[in-house]
Each structure stands twice: as structure tokens, then as C-alpha cells.
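One structure is given here, and the rest of the page talks about it.
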Amino acid sequence: MVRFLNNVKTVVLLGLMSGLVLAAGWLMGGGGSTGLTIALIVCGVMNFVALFFSDKIAIAAMRGQEVDAKSAPDLVPMVERLARNAGLPMPKVYVCPQEAPNAFATGRSPSKAAVAVTHGAMRLLDYQELEGVIGHELAHIKNRDTLTSTIAATIAGALQWLGYMFLFGGGNRDNPMAMIGMLVMVIAAPIAAMVIQMAISRSREYVADADGAEIAGSPNGLVSALRKLEAYGKRIPLQNEMPAQNHMFIIKPLSGGRGGLSELFSTHPPTAKRISKLLARS
């Protein structure tokens with residue numbers, strides 16, 4: 001039931017984001033079809049790029065190196081075994097030369113998926129903890145969260161790009177509706193898109209935690225891993241970190257305030273709440 005409600009929530013939020021793009025484009029064109037057409041084209045192009053190249057972009061940004069059973073004799077067999085537990089094809093496995101302990105999954109489908117772990121995470125976590133982390137990432141792949149979050153990030157990016165295009169590229173500034181569109185595009189729409197994108201990401205993390213615990217066979221490893229990753233992640237910055245990719249990681253790379261508006265603008269739910277929900281299942 002929880003998974004169904006999260007899926008419904010995701011569909012509704014993605015629909016709201018798409019509606020924001022079209023509405024802002026319509027306003028940008030002064031209420032005519034030109035702005036609407038531009039918005040549709042921008043969304044189409046960006047989603048095409050995200051669908052077919054987002055995994056390569058993410059791995060390249062983190063300087064990930066693909067590994068096999070010979071170069072990573074503990075990690076790769078673990079991923080292979082857990083992938084079988086999850087009923088998934090074997091994803092590609094990457095290790096990223098980052099001291100910050102973290103991990104992420106990417107790919108548009110289970111057959112095109114990849115799992116990446118940083119050097120810092122492999123040094124910090126013991127075998128059971130790493131199992132919990134890999135189980136979590138495989139759950140994202142199984143639930144196709146990697147595709148959902150990519151689309152959400154792309155739509156949010158489309159809103160921002162359209163806003164900058166209108167602000168610096170001209171437009172019908174004599175039309176009052178077009179001027180309203182400019183304000184919506186430049187100020188309101190990107191903020192709204194960011195809130196929606198982050199709400200989608202937060203809702204999927206709880207499901208991935210629960211499913212990942214089942215894939216690993218126990219929530220204990222993931223609980224312990226989350227505690228370590230939270231503590232060390234706040235001390236060791238992630239190199240080449242890109243805010244647009246924050247939703248991918250098991251722990252948000254950038255630390256901020258707690259509660260209130262900081263939770264509204266966070267791609268991840270509070271780690272303490274995630275741990276509490278996992279412990280309630282044990």
C-alpha cells in the first residue's frame with residue numbers, strides 16, 4: 001500500500017512539473033502557441049538526452065572506473081549475488097576515486113543500470129554495511145527510481161533553461177502576459193520545480209530503504225551504514241559534487257540545517273527518520 005501511494009504521488013508530482021513547464025511556456029509566449037511549442041520542444045530534447053545519456057554523464061562526473069571480479073573481488077560478487085536476490089540482471093559496477101563515503105545507482109532501466117561506490121565508502125563500511133548500501137541502490141534500480149528521478153531533474157532543468165532563455169534572449173516584453181511569464185519562469189517556476197523534484201526523491205528513499213533491506217536479507221547492515229555515512233559525509237566533502245545530482249546518492253552529499261525549510265529543500269529525508277523506519281521493520 002505504501003509503495004502504491006508513493007507511485008501515485010510520484011505520478012502526480014511529475015504531472016505538476018510538466019504542467020509548470022507548459023504553463024510557463026504559454027505565459028512566456030504571451031498566451032499564444034509559440035511559447036507552448038518551445039516548452040514542448042525543450043522538454044522533449046532534454047528528456048531524450050537524459051534518457052539515453054544520463055548514466056554516462058553521472059559516471060563521468062564522478063570519474064567512475066568500471067571494475068570486475070578480478071579488480072574488486074569482494075564488491076562485484078556481492079553485487080551479483082544481491083542482484084539475483086532482487087531478480088535483476090547484473091548491473092555494471094563502478095568505483096569512484098572519492099574520499100567522501102557515498103554510493104549511487106543510475107541507468108534508464110534494469111538492463112542498462114550501473115551501481116557506483118566511492119573509495120571512501122569501501123574503506124569505511126564493513127561487509128554487511130556495504131551489502132545494505134548495495135541492496136538500497138539495487139532497490140532504486142528495481143523500482144525504476146533512477147529513471148523517475150532523471151525525468152524529474154530534467155523537467156526542473158528545462159524550467160530553469162527556459163527562464164534564462166527568456167530573460168537573456170528577449171521575448172515579447174511589450175505583452176503584459178509575457179512579462180508575467182518571465183517572472184514565473186525566472187523566479188516561481190524553478191523554485192516550485194525544485195520543491196517537487198525533491199519531494200519525489202524523498203518519497204522514493206523510504207521505499208528503497210525497505211526494499212533494500214529485503215534484498216540484503218536484513219535491515220541491520222543498512223542501518224549501521226546510514227549512521228556511518230551520515231557522520232562521515234558531513235566531514236568529508238564530495239569532489240566534483242553537482243547539486244543537480246544530489247538525488248542520486250544514498251546520503252545527500254551537502255549537509256545543511258535540520259527541520260523546517262531545510263527539509264523542504266532536501267533531496268533526502270532525515271537520516272534519523274530513515275533509520276527509525278528500518279528499525280521498526282526488524
Side-chain angles (χ1 to χ4, degrees), residues 3 7 10 49-98 100-151 153 201 204-226 228-229 238 245 247-251 278:
R3 185 178 290 104
N7 287 337
T10 299
V49 172
L51 188 62
F52 291 99
F53 300 104
S54 62
D55 54 341
K56 297 177 180 63
I57 293 171
I59 295 295
M62 292 297 295
R63 294 182 289 128
Q65 299 294 319
E66 188 172 1
V67 294
D68 55 23
K70 184 176 180 180
S71 56
D74 291 328
L75 178 62
V76 172
M78 176 194 294
V79 174
E80 187 174 12
R81 175 172 54 82
L82 293 177
R84 285 198 303 269
N85 291 352
L88 292 169
M90 177 65 180
K92 292 182 178 180
V93 182
Y94 292 84
V95 174
C96 306
Q98 306 280 346
N102 225 313
F104 67 92
T106 186
R108 66 182 183 270
S109 68
S111 62
K112 301 292 184 180
V115 172
V117 183
T118 66
H119 279 162
M122 293 186 66
R123 278 196 289 267
L124 175 68
L125 305 177
D126 64 27
Y127 192 86
Q128 186 183 33
E129 292 164 346
L130 192 56
E131 276 188 323
V133 168
I134 297 300
H136 173 97
E137 298 306 332
L138 291 174
H140 276 311
I141 294 170
K142 186 173 184 176
N143 296 331
R144 296 181 181 267
D145 294 338
T146 50
L147 175 61
T148 301
S149 60
T150 293
I151 293 172
S201 181
R204 311 306 292 192
E205 288 301 318
Y206 287 123
V207 176
D209 284 344
D211 290 352
E214 291 183 6
I215 292 170
S218 167
N220 296 333
L222 182 55
V223 166
S224 181
L226 287 174
K228 284 186 178 180
L229 292 171
L238 186 68
Q245 295 180 345
H247 64 278
M248 296 191 316
F249 295 93
I250 187 169
I251 289 288
L278 281 167

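These numbers come from a predicted model, not from an experiment.
For the pair L125 and P101, the minimum side-chain heavy-atom distance is 4.5 Å or more. With a 4.5 Å cut-off on side-chain heavy atoms, D145 and E205 do not count as touching. Using a 4.5 Å heavy-atom cutoff, the side chains of V117 and V93 are not in contact. Looking only at side-chain heavy atoms (C-beta outward), L229 and V133 come within less than 4.5 Å of each other. Using a 4.5 Å heavy-atom threshold, the side chains of M248 and H140 count as separate.
Heavy-atom minimum distance, E66 versus Y94: N-CD2, 3.3 Å. Listed here is the closest heavy atom pair of G135 and I215: O-CD1, 3.7 Å. Here the closest non-hydrogen pair linking V79 and P91 is CG1-CG, 3.8 Å. The nearest pair of heavy atoms linking A116 to C96 is CB-SG, 4.0 Å. Nearest heavy-atom pair across A210 and L278 is N-CD2, 4.3 Å. The two residues P110 and I141 come nearest to each other via the heavy atoms CA-CG2, 3.7 Å.
Taken to the nearest 0.5 Å, the OG atom of S218 stands 5.5 Å off from the CD atom of Q128. Taken from CG in L226 to CD1 in I250, the straight-line distance is 5.5 Å, to the nearest 0.5 Å. Atom CD1 in I134 sits 6.5 Å away from atom CG in L138 (nearest 0.5 Å). In this structure, R204 CZ and R144 CZ are separated by 12.0 Å, a value rounded to the nearest 0.5 Å.
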For this session: Could you walk me through whether L238 and M62 pass side-chain contact (heavy atoms from CB on, under 4.5 Å), step by step?
Result: CA-CA 9 Å; L238 186 68; M62 292 297 295; 3.7 Å; yes
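A donor-acceptor pair under 3.5 Å links the side-chain atoms of E137 to the main chain of A105, judged by distance alone. Between the S224 side chain and the E129 main chain, no donor and acceptor come within less than 3.5 Å of each other. Under a 3.5 Å cut-off, the side chain of D68 and the backbone N or O of K70 do form a donor-acceptor pair. With T118 contributing its side chain and N102 its backbone, the two residues share a donor-acceptor pair below 3.5 Å. Formation of a donor-acceptor pair under 3.5 Å by the E214 side chain with backbone atoms of D211 is not found in this model.
For NZ of K112, the number of neighbouring non-hydrogen atoms (other residues, nucleotides, ligands) closer than 6.0 Å is 12 at most. The environment of CD in Q65 is sparse: at most 12 heavy-atom neighbours from other residues, nucleotides or ligands sit within 6.0 Å.
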